[in-house]
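Below, all heavy atoms of this structure are taken into account, side chains as well, without hydrogens, waters or symmetry copies.
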Amino acid sequence: MFKKVLIANRGEIALRINRACHELGVATVAIFSDADRASLHVRHADEAFCVGPGPVMRSYLNIPNIISAALISGCDAIHPGYGFLAENARFAEIAADHGLTFIGPKPAVINAMGDKATAKRLMREAGVPTTPGSDIVANVDEARTVCAKIGYPVLLKATAGGGGKGMRSVTAPEELPTAFATAQAEAEASFKDGRMYVEKLITNPRHVEVQVLADEHGEVVHLGERDCSVQKPSHQKLIEEAPAPALDPAVRDRLHDVATTATRAVGYTNAGTLEFLVAGDDVYFMEMNTRIQVEHPVTELIYGVDLVKEQIRIAAGEHLGFTQDDLHPHGHSIEVRVNAEDPNNNFAPAAGTLTTVVFPGGPGIRVDTHVYGGAVVPPFYDSMLAKIIAVGRTRESAILRMERALSETRIEGVKTTVDFCSEVLGEPEFRAGGIGVGWLPAFLSRRAAAV
Amino acid sequence: MFKKVLIANRGEIALRINRACHELGVATVAIFSDADRASLHVRHADEAFCVGPGPVMRSYLNIPNIISAALISGCDAIHPGYGFLAENARFAEIAADHGLTFIGPKPAVINAMGDKATAKRLMREAGVPTTPGSDIVANVDEARTVCAKIGYPVLLKATAGGGGKGMRSVTAPEELPTAFATAQAEAEASFKDGRMYVEKLITNPRHVEVQVLADEHGEVVHLGERDCSVQKPSHQKLIEEAPAPALDPAVRDRLHDVATTATRAVGYTNAGTLEFLVAGDDVYFMEMNTRIQVEHPVTELIYGVDLVKEQIRIAAGEHLGFTQDDLHPHGHSIEVRVNAEDPNNNFAPAAGTLTTVVFPGGPGIRVDTHVYGGAVVPPFYDSMLAKIIAVGRTRESAILRMERALSETRIEGVKTTVDFCSEVLGEPEFRAGGIGVGWLPAFLSRRAAAV
Amino acid sequence: MTEDVIAARTRALAGALAEAGFARLRVRDGETEIELRRAPRAPAAAAGAPAAVPEAVVEKPPQRPADLVASEVVGIVRLLRPAVAEGQDLDGDRELAYVETLGIRNAVHSRGGGRISAVFVHEGQPVEYGQPLFAIER
Amino acid sequence: MTEDVIAARTRALAGALAEAGFARLRVRDGETEIELRRAPRAPAAAAGAPAAVPEAVVEKPPQRPADLVASEVVGIVRLLRPAVAEGQDLDGDRELAYVETLGIRNAVHSRGGGRISAVFVHEGQPVEYGQPLFAIER
């Protein structure tokens with residue numbers, strides 16, 4: 001096992017990793033920007049290094065300063081969390097060059113899965129169903145040819161994409177030139193990589209993803225699926241749950257089988273997530289995230305497995321302590337993202353000082369957060385303040401528990417998604433289970449029209 | 001199911017009950033004293049009534065005002081929590097007289113178990129092993145006769161006792177008169193009932209208690225045992241865990257069998273706890289608590305059962321939704337009481353304003369608390385600020401998790417037991433498991449001598 | 001401080017005034033100051049109020065400070081006939097109402113004469129401990 | 001504010017001073033006030049500092065305000081020979097040290113002349129971003 005791990009992240013996930021390390025008896029080194037000096041992730045680590053000013057390019061993406069901090073403090077591993085450098089194969093290589101274990105899959109696998117078009121090809125070769133579509137299209141003319149072949153509507157996607165950036169839906173040929181240009185420009189701005197590909201647009205599919213763990217000795221297990229279909233118009237997830245409600249058992253089994261098969265086929269190690277679109281009985285591979293996900297706690301709560309500890313153990317070369325037969329989910333879990341944003345104004349992010357912070361507690365409630373009363377939300381980073389996760393014996397009991405937890409939550413100083421999520425939980429269609437990714441945008445439109 | 005429940009308590013247990021009610025879709029009415037106006041238990045309830053000024057006799061023990069609040073607000077049941085009126089049979093009767101369901105056992109059972117001497121006699125008759133001792137002794141002379149018969153050391157106990165009050169150990173005959181007089185005076189002051197009885201003093205036993213649930217249709221189950229041997233010199237519990245570590249499986253089975261047998265024998269209904277002294281292979285019934293216990297969460301976390309919801313369901317006449325065969329504990333759970341008291345000064349309670357409050361979170365951590373940053377701790381009530389509960393796959397993982405949780409906890413403004421409990425968790429003897437109730441007082445003495 | 005907290009605290013202070021016989025209560029907490037006065041006599045500052053620096057006065061004392069008569073119990077208000085009205089003068093002590101708790105009548109007296117400046121409750125209203133019933137100018 | 005928080009914030013302010021070229025930074029937060037000055041020229045108040053009322057001044061500006069030279073990177077300090085000492089006068093800009101980060105030398109200049117009033121680091125010391133290395137009286 002490692003002696004000391006540098007946590008190359010901030011916010012709740014940095015704390016989450018700090019917790020896993022400390023419970024494993026591993027010392028931790030936090031990094032922070034000037035803007036995060038008073039964050040809990042700094043306070044709870046054994047050591048902490050300021051690596052730059054607020055803007056991410058100079059701090060949380062500052063590879064030399066981060067690697068230097070790890071070396072100076074005598075770390076033997078780096079955990080990247082999610083976002084920032086988590087899927088940066090170059091960072092993983094640099095870490096390895098300096099004798100630091102990168103807690104994640106091998107750089108080649110990060111690269112292959114990070115390139116969405118390559119990932120789809122590899123998955124097709126492994127027998128995983130993918131949406132009809134193209135490899136990289138060089139320009140709008142190539143895109144037009146592909147679109148004509150697979151039929152509209154289509155989705156233009158950046159091969160380096162993520163978080164809904166560099167993505168546009170196109171319902172008719174005449175929309176294509178503008179959509180292509182704006183999506184490509186966005187991809188270039190966001191990822192410095194304007195390569196695009198085309199996919200058949202599946203109308204209102206569900207977003208269902210499968211959690212896998214693979215050790216470095218060939219053992220691969222899945223930990224069931226999560227339903228992340230409640231997404232903002234920006235395609236960002238807002239509410240996630242496990243298991244996926246109202247899912248045909250045969251479809252569920254197929255997802256699990258496909259996920260473990262694909263994980264083995266690409267030589268994947270550590271924790272990963274395969275995202276699928278589900279439309280009726282059809283299942284299409286979307287992408288593989290080569291990192292821990294924001295929504296990993298819903299899986300942890302029903303499987304009783306600490307995924308971050310497992311990541312660390314796997315990276316340290318340990319064998320998985322269990323096989324697929326040992327894994328049995330109990331109950332139902334749901335997560336709500338508490339973001340500093342205004343649901344009544346297109347989820348515009350807010351920064352400021354949190355004058356009041358009261359989180360819920362009691363049975364079946366887990367809170368992952370880095371904020372506290374008096375904390376300052378800097379303008380530089382993503383707007384997530386906390387994750388509230390509820391577990392119950394049934395989906396209904398988990399939702400009831402989440403509703404009471406949200407009613408206990410009191411955050412003042414910035415607008416948050418708390419009340420809006422309560423509203424969503426109360427909607428009969430959500431309650432029934434099985435909504436698609438188009439549901440929340442449609443709900444928002446209805447809601448805006450009703451005002 | 002009930003429509004509306006009055007919660008006749010304050011602090012974390014009032015919140016705990018509020019949570020259970022809300023998750024069952026039951027409306028709640030809080031009561032509060034002038035000193036608790038800003039408490040979370042008031043804020044989270046659907047309605048709230050001030051029932052008197054700070055001192056408990058005029059507020060939380062003010063039966064007319066409490067019953068009146070229940071009637072005015074249209075409640076159909078009262079949950080008493082623990083402490084205050086929870087084991088007051090007269091209160092249960094008055095509630096019933098006004099058409100309010102008391103969420104707990106029947107008044108006759110409360111009375112029988114509340115009288116410690118009667119309880120022991122009933123248990124003996126049911127075949128439950130009890131410590132050698134007496135029925136009520138009228139005076140010190142009768143006590144002397146009994147003591148001579150069962151042999152010193154003995155324990156003088158108030159039949160109305162609880163929380164260590166009205167209790168004295170006597171190692172030799174010459175100590176008896178003073179001990180009897182002071183214990184009786186204490187019992188009279190605390191319980192307005194100076195009746196005493198004598199028990200053989202078991203040297204450094206373990207305190208192991210068994211949780212039972214019994215519905216009103218004859219179904220009785222146990223939910224395993226809790227070890228509460230980490231007790232302050234005042235006999236108040238500080239750290240509890242489930243299951244009891246290093247306990248002989250045969251002793252464990254016997255405790256469970258005896259507990260369910262006794263529960264049936266006394267016609268018990270609702271949730272209850274049978275407290276036992278365990279010394280080697282010997283098991284002695286101590287008392288039965290006819291209410292929810294402070295430490296109930298450690299049982300909840302390993303059994304996945306919401307005990308307070310079950311209390312409410314049982315009182316509403318529902319059948320238990322499970323049998324003994326459905327109940328299987330998973331993992332290990334441990335609870336630390338965060339009290340506003342000074343471990344370096346005989347646990348002297350402290351009142352004041354909590355300037356900083358940061359509780360731990362993340363996987364496997366539950367926090368039950370009514371306080372928050374800026375909250376005022378009034379001088380009138382018990383000193384418990386919060387319960388931190390950790391669950392893990394093994395005892396060691398639960399303890400490691402608790403250690404990291406305590407390291408994350410930051411409470412400023414009053415002295416607390418947080419750091420002291422961390423110290424206890426680190427002690428090799430605690431770590432080994434199986435310490436007796438004499439361990440913590442001895443540890444405190446060693447610790448004081450070392451300074 | 002939000003409006004509901006101010007309201008709750010004001011009510012608490014009113015209760016404390018009525019109960020403890022303070023002449024004036026002022027609580028300063030961060031940016032908020034709440035002040036209640038009962039009579040211009042002995043100006044005692046409230047004990048236990050947290051010291052902080054005021055920046056805004058949320059609640060000013062009324063022009064003519066009044067004595068608050070509050071409920072000592074939880075129950076239902078029964079106004080005695082003829083019910084007193086705002087503006088009415090009382091020559092001396094008078095029983096104004098009772099609060100019924102589990103069938104018991106808890107009498108509410110004016111505790112001396114004065115002018116009824118406010119009647120906060122109506123017949124049959126449920127009240128809690130410390131809830132103001134009447135304000136009387138002395 | 002506890003001592004460690006004050007220390008951390010003071011360090012942050014020192015970093016901000018060195019980086020942004022503020023002449024003076026003052027942060028008031030509840031009962032605590034931290035003030036740092038660099039030069040007696042344009043007395044600009046820090047933007048973004050929370051407004052609150054001070055009750056105690058924890059850190060007073062030194063008698064002769066100094067310019068802080070802080071590290072721009074995370075690395076190991078290497079003092080250039082001959083190493084400057086406290087009290088030493090510098091005629092003009094001089095390279096005082098470098099901070100080594102993954103084998104790269106990041107030069108640290110005095111950014112003009114003055115008197116070295118403090119050397120905060122020793123040879124081989126690990127430093128973080130924004131950590132003060134030298135104080136120079138101008």
Side-chain angles (χ1 to χ4, degrees), chain B residues 6 8 29-40 42-45 47-75 91 93-95 97-100 351-355 372-380 413, chain C residues 1-22 25 27-32 34 36 46-52 68 70-78 98-106 121-133:
Chain B
L6 181 126
V29 177
I31 61 165
F32 61 98
S33 75
D34 262 345
D36 277 339
R37 198 168 286 274
S39 172
L40 289 186
V42 179
R43 182 181 294 170
H44 291 333
E47 296 169 61
F49 283 81
C50 183
V51 294
V56 294
M57 285 306 299
R58 295 191 58 197
S59 50
Y60 295 107
L61 295 177
N62 187 330
I63 295 178
N65 277 0
I66 293 169
I67 299 281
S68 183
L71 296 176
I72 285 174
S73 55
C75 289
F91 178 62
E93 281 165 1
I94 294 170
D97 288 347
H98 287 86
L100 299 161
T353 299
L354 303 175
T355 51
Y372 51 89
V376 174
V377 181
F380 307 109
Chain C
M1 227 183 337
T2 56
E3 294 306 309
D4 60 325
V5 176
I6 293 169
R9 295 190 62 169
T10 304
R11 212 159 61 169
L13 297 180
L17 259 176
E19 187 193 18
F22 281 125
L25 259 184
V27 177
R28 295 163 170 176
D29 184 3
E31 298 184 302
T32 310
I34 298 177
L36 284 174
L68 288 172
S71 177
E72 296 284 325
V73 295
V74 179
I76 303 287
V77 171
R78 303 296 177 193
Y98 62 88
V99 180
E100 195 178 328
T101 303
L102 307 186
I104 293 165
R105 294 177 167 212
N106 300 281
V121 289
H122 56 79
E123 172 67 19
Q125 182 176 330
V127 291
E128 64 183 355
Y129 171 85
Q131 184 164 340
L133 307 175

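- Of all heavy-atom pairs spanning Val74(C) and Phe49(B), the tightest one is CG1-CD2, 4.0 Å.
- Using a 4.5 Å cut-off between heavy atoms, Ile67(B) touches chain C through backbone and side chain atoms alike.
- Atom CD1 of Ile72(B) and atom CD1 of Ile76(C) lie 4.0 Å apart (nearest 0.5 Å).
- Ranked by non-hydrogen atom pairs under 4.5 Å with chain C, the options Gly374(B), Ser73(B), Gly52(B) are led by Gly52(B).
- Put simply, the side chain of Ser68(B) never gets that close to the backbone of Thr101(C): no donor and acceptor are under 3.5 Å apart.
- For the pair Tyr129(C)/Ser33(B), no side-chain contact is recorded, criterion being any heavy-atom separation below 4.5 Å from C-beta on.
- In this structure, His98(B) and Leu102(C) approach most closely via the heavy-atom pair NE2-CD2, 3.9 Å.
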